[in-house]
There are 2 protein chains.
Amino acid sequence: MKVSKQKAAEHRKQIIAAAANKFREKGFDGISVADLMKEAGLTHGGFYGHFSSKQELMGLASRQALRETANKWEKVIGEAPDKPLEALAKSYLSARHHSHPETGCLFAALGSDLARQPNSVKEAVMEGQLAIIDVISRVVPGKTKAARRKQAVAVLAELIGGMVLARSVSDAALSEEILKAVSASVANGVHADAS
Amino acid sequence: MKVSKQKAAEHRKQIIAAAANKFREKGFDGISVADLMKEAGLTHGGFYGHFSSKQELMGLASRQALRETANKWEKVIGEAPDKPLEALAKSYLSARHHSHPETGCLFAALGSDLARQPNSVKEAVMEGQLAIIDVISRVVPGKTKAARRKQAVAVLAELIGGMVLARSVSDAALSEEILKAVSASVANGVHADAS
DNA sequence: ATTATCTATAGATCTATAGATAATGC
DNA sequence: ATTATCTATAGATCTATAGATAATGC
């Protein structure tokens, strides 16, 4: 039953990948270690050879999810150099993202749960959050680096809040209205004169 | 052990009040029915005389929490008639709200969990969400009612996302930076020319 | 007689661990 | 010999229910 070191390292990555998806889909408490291992094609007991606890995996999966998001955003921005913020808002606040939390933004999928996690998880989240703010900072207006960073934080907040609001109601028309309103605000509402 | 009808109605309210607080503090999955009943000064088994399930209470507690928030916002806005948005942002993005999710905004405390709830809960949330959007609509600029409503949705999103971001990191300086940046953006960044 | 609440528990979880197994890698 | 994985389970939950109890309210 033993596998090679290389295979074991792949298994570890598979578990983290499965967790990054299933945590975003079902919540940290919505999927058990046993079911996560099943998703990764392994059995329950093997988990603790790879990680010391479920919480350790929560931190690693969160880091992984945020890295994917930062990469995706760089790509979206890079493909629309003339109107990057509009492209980002359109992509983030799309119907596709709305209905696919499992591959989407960690903050929209698990944001309010993160507040209740131990520092080990929050530190991984902070690293990813800073990287994402950096990405946005490059495409918002602003004279100084500090001003652009402030704008980037505000844009990120608006995007996340918009998706949280849209996902928290069962009325599809209202969800769509929210996504459109926030998208228009992000695309139009950012201006260089903010203090 | 039986109590009067009046006392029983009070008990019901106490359970909902305890739930509205403890759910926001610990998450829907973070507190058990037994512990909620203990908070309300009652025993576990009595719960099912008041509610058919924990999920039913989740909907009622969410409605209750959102009503409190709508009332609080009306008050904050009413006390600062010359700069209502600035007052709202300052109150919402305060250190006090940051460290007291249990009495604060449901969306910041449980927003990402709401997406995974059944329609019974989401419908209660929608009602509260619309009421809150109405409150903000009265103080944002905009020529038409529709334009003001769009602005209100964007402001609400920005506030919620700002608090989620601030609460998801363990570094106090970063949290403070986020709250200030979003607060400035809400106070300065709303303008009447949004489509 | 009715019913709000209590005690006790069934049944179904879930995390983490212990010990067995079998393939790797020195 | 080492170790990645497996099976099995301990121990601690949690939701919901059953049946007893005792005060209300017709």
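A quick note: this is a predicted structure, and the numbers were derived from the prediction, not measured. Below, chains carry the letters A, B, ... as their sequence lines are ordered, and counting in each starts from 1.
- Base-pair partner of dT15(C): dA10(D) (Watson-Crick or G-U wobble, both distances under 3.5 Å).
- Per the geometry, CE belonging to M58(A) stands 10 Å off P belonging to dA16(C), to the nearest Å.
- Using the Watson-Crick or G-U wobble rule with both distances under 3.5 Å, dT24(C) pairs with dA1(D).
- Looking at R12(B), its side chain does come within 3.5 Å of a backbone N or O of H50(B) through a donor-acceptor pair.
- Going from atom NZ of K72(A) over to atom NE2 of H97(A) covers 8.0 Å, rounded to the nearest 0.5 Å.
- Side chain K54(B) to base dT15(D): no donor-acceptor pair is found below 3.5 Å.
- Separating the OH atom of Y48(B) from the P atom of dA18(D) is a distance of 13 Å, rounded to the nearest angstrom.
- Computed from coordinates, the R12(A) CZ to dT3(D) P distance equals 16 Å when rounded to whole Å.
- Here the side chain of S4(A) is nearest to one of dT17(D), dG25(D), dT24(C), namely dT24(C).
- The one candidate from E123(A), K122(A), E127(A), Q129(A) that meets the side chain to side chain contact (heavy atoms under 4.5 Å, CB included) condition with V169(B) is Q129(A).
- Residue side chain K2(B) reaches the base of dT24(D) through a donor-acceptor N/O pair under 3.5 Å, judged by distance alone.
- Of the candidates dA4(D), dA16(C), dT5(C), the closest approach to any side-chain atom of V3(A) belongs to dA4(D).
- We find that CD of Q6(B) is positioned 14 Å from P of dA4(C), with the value rounded to whole Å.
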Q: For the pair R116(B) and E25(A), evaluate salt bridge (Lys or Arg N to Asp or Glu O under 4.0 Å) and give the outcome as yes or no after the intermediate values.
A: CA-CA 8 Å; R116(B) 294 181 285 269; E25(A) 180 186 342; over 6 Å; no
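- E158(A) and S185(A) share a donor-acceptor pair across their side chains, judged by distance under 3.5 Å alone.
- No continuous path of ILVMFWY side-chain contacts below 4.5 Å connects L179(B) to V76(B), so the two sit in separate hydrophobic clusters.
- Listed by residue number, the members of residues 14-47 of chain A with any heavy atom below 4.0 angstrom from DNA chain C are S32(A), V33(A), H44(A), G45(A).
- To the nearest angstrom, P of dA16(D) lies 11 Å from CD of E56(B).
- Taking atom NE2 on H50(B) and atom P on dT3(C), their separation rounds to 14 Å, with Å as the unit.
- In this structure, the NE2 atom of H11(B) is 12 Å from the P atom of dT24(D), given to the nearest Å.
- A 6.0 Å sphere centred on CD of E102(B) holds more than 12 heavy atoms belonging to other residues, nucleotides or ligands.
- Residue E10(B) contributes atom CD, which lies 11 Å from atom P of dT5(C) at whole-angstrom precision.
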